[in-house]
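Throughout, a chain's letter reflects where its sequence line sits, starting with A, and its residues are numbered from 1.
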Protein chains: 2
Amino acid sequence: MKCRKCREKAVINMRQHKLALCKEHYLEWFVEQTERFIKKYKMFTRDERVLVAVSGGKDSLALWDVLLKLGYQADGFYLRLGIDGGIQYSDESYEKIKKFVAEHPGTQLHVVDAKEMYGESIPEVAQRSRRGRGKPCSVCGLIKRHEMNRIAHDLGYPVLATGHNLDDEAAVLFSNTLHWQVGYLARQYPVLPEGDGFARKVKPFCRFYERETAAYALLAGIDYMYEECPYSEGANTIYYKELLNKLEAERPGAKLHFYLSFLRAKDKDGLFANWEEEKVELHACERCGQPTSAPGLCAFCRLWPEEVLNKPQEAFVPLTLVGGLHTQHDEEEATTL
Amino acid sequence: MKCRKCREKAVINMRQHKLALCKEHYLEWFVEQTERFIKKYKMFTRDERVLVAVSGGKDSLALWDVLLKLGYQADGFYLRLGIDGGIQYSDESYEKIKKFVAEHPGTQLHVVDAKEMYGESIPEVAQRSRRGRGKPCSVCGLIKRHEMNRIAHDLGYPVLATGHNLDDEAAVLFSNTLHWQVGYLARQYPVLPEGDGFARKVKPFCRFYERETAAYALLAGIDYMYEECPYSEGANTIYYKELLNKLEAERPGAKLHFYLSFLRAKDKDGLFANWEEEKVELHACERCGQPTSAPGLCAFCRLWPEEVLNKPQEAFVPLTLVGGLHTQHDEEEATTL
């Protein structure tokens, strides 16, 4: 198999695109494609500061890397979950991210440590709360969404980017379709517009297969966390991903076609276009101001006991690492000493 | 496992309904459910003559049987395809149907023989026409739809019923969803309204699993054609059925939930409700008058050479068998002799 561009030995063959490329041209193609998707879906411009939610995995670090290569103003956000699971999941993930930051001078990483700020790690709060019993994924998702919104809002990022790839998006779409969840289907899109002072949400990798983002991370020399979260096993999305993989194995391109024809039905045929009219009224949470469906506290703020909610504002300010291996906190200390 | 109604030994356990029944109560339940679906989707009344498209398989013969038990005015329509495939598929199917008719005095069966009327069996016309090359299923579907419409129209049946079961409907829905074929999704429903002088189309079994219709046919003592059409192997719908069966095996009821939540999205959420406005304009075929998307001849009439199309009207009158084992043609001959 030879690279279509230079006839050198190809390192990847993308059957669904009928495209084989060598390392150099794959890296180039991947970056160009990302730029194409950003423009096509009007995600953001070079004038807008973008906050990339990073987990330490291949997708989010690859996304941050590509956005920096493309000259976007991209900083990172990391939520320390406090998950061990026998593989020191959170500790190792954090190490990978710190290494990435050290290698990209000038970039900023904003870190929220769940245990430090709220008094409990994700497994602990999941254990305690009714919502998380059995599976902490629901609580984890809730906390991640809330903290991403909060940090983007407080630090003035108009755009929040996540590394969701095609496999993620197709699995969510598949699940929503099998249950015909019209409300969710109406909302699923590569861009969710800003509103109520909260950032626009974008998924620049939504058209890349997982193996394509993995290939990029590997070939670009990004040292990422290979292990999946120990709690993810048996999760619904994994089940739907397996079914879609069966489909893809027999019909290369089926997953991409499924997702793209959904987007086309929305863009061209106006499917779900009138749905917005019927959406539920949103209220601002009494404590944090984020949108919630019922008056009073939002689901996130309801998670925590009084004494946590009453902590002073400063207790919730993230730690900021600056690319080049020292933190803003360190600097402050250095100047005040 | 005991029957929920009489505590006798159950013959079937429907996990998705959490319902086990003995033979007697299963037959009763199945007939009652059919009546419920007919009423729920306003399919037809006892004042309307219903033409049941029969193939000789379990679904269509079970449907005819149930409609007769419920006191509906149900007659049969059979298209002789002329398929052999080493198992004398068409000959054997016809034998099963004739046996059913013989056992139900007073019912009528209208038979169209493709080879006799149009000069070619389905495999022959498929072989000759561009549309059927490779797979005759597309040509077969086209001819069946056309002839069903024609016979219902000419013989004055306002309603056309087919034996499609949940597995069929879910597979079609799955295929249309994987490709987000909005036009097809907008049309898929247990009832298609009448229009342009052509009959309403109904699927009274659309909420029964295939194993439920099979169980009914077996327990009701219906002698049906067990073999599938020899051409159906490898067909797309079979592929989608297998995928859905995997889903169902892990999550009993998943298939029913998929189909019913789709219907709910249409009925309650108004999904696809505005689609009709954009549908393509239909013309009447110059020869047969059936609706077609382009002016001139419809796809069916384009299949045949001039000499077939120019045959006199009488050449296309179906043979009608009357329950009790003699034909209307026989009777006519007897009176004219």
Side-chain angles (χ1 to χ4, degrees), chain A residues 16 166 169-189 234-280, chain B residues 16 166 169-189 234-280:
Chain A
Q16 72 285 358
L166 176 66
E169 291 302 295
V172 167
L173 178 60
F174 195 48
S175 161
N176 288 339
T177 308
L178 284 177
H179 303 95
W180 286 94
Q181 306 256 32
V182 181
Y184 291 153
L185 289 168
R187 262 199 305 276
Q188 191 173 358
Y189 201 72
N236 271 337
T237 46
I238 293 193
Y239 171 71
Y240 292 121
K241 279 184 179 178
E242 280 170 10
L243 270 179
L244 285 169
N245 285 343
K246 279 188 187 125
L247 200 69
E248 181 76 24
E250 294 200 39
R251 310 193 169 184
K255 219 183 278 183
L256 183 62
H257 174 75
F258 174 50
Y259 185 62
L260 290 185
S261 58
F262 168 71
L263 296 184
R264 197 189 312 117
K266 293 191 114 174
D267 294 337
K268 231 184 112 213
D269 301 330
L271 188 62
F272 308 108
N274 301 319
W275 186 257
E276 288 298 319
E277 295 162 14
E278 303 178 40
K279 75 177 174 186
V280 281
Chain B
Q16 72 283 359
L166 176 65
E169 291 303 294
V172 168
L173 177 60
F174 195 48
S175 161
N176 288 339
T177 308
L178 284 177
H179 303 93
W180 286 94
Q181 306 255 31
V182 182
Y184 292 154
L185 288 168
R187 263 200 304 276
Q188 190 173 359
Y189 201 73
N236 271 337
T237 47
I238 293 193
Y239 171 70
Y240 292 121
K241 280 183 179 178
E242 280 170 11
L243 270 179
L244 285 169
N245 285 342
K246 279 189 188 123
L247 200 69
E248 180 76 24
E250 295 200 38
R251 312 193 169 185
K255 218 182 280 183
L256 183 61
H257 174 74
F258 175 50
Y259 184 62
L260 290 185
S261 58
F262 169 72
L263 295 184
R264 197 188 314 118
K266 294 191 113 175
D267 293 338
K268 230 184 112 216
D269 301 330
L271 188 61
F272 307 109
N274 301 318
W275 186 257
E276 288 299 319
E277 295 163 14
E278 302 178 41
K279 76 177 175 187
V280 281

Against chain B, label [X] side chain, backbone, both or neither, depending on which of its atoms sit under 4.5 Å from a heavy atom there.
X: Tyr259(A); value: neither
X: Leu247(A); value: both
X: Leu178(A); value: both

> Which value, rounded to the nearest 0.5 Å, describes the distance between Thr177(A) atom OG1 and Phe258(A) atom CZ?
Replying inline: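 The distance works out to 4.0 Å.
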> Counting N and O atoms only, with roles assigned by atom type, does the side chain of Glu169(A) sit under 3.5 Å from a partner on the main chain of Gln188(A), one being a donor and the other an acceptor?
Replying inline: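 Such a contact is absent between Glu169(A) side chain and Gln188(A) backbone.
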> Lys266(B) side chain to Leu185(B) main-chain N or O, any donor-acceptor pair under 3.5 Å?
Replying inline: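 Here the side-chain-to-backbone pair exists.
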>> Could you work out, with side-chain hydrogen bond (donor to acceptor under 3.5 Å, both in side chains) as the rule, every residue matching Gln16(A), not counting sequence neighbours?
In response: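 Checked Gln16(A) against side-chain hydrogen bond (donor to acceptor under 3.5 Å, both in side chains); matches are Glu212(A).
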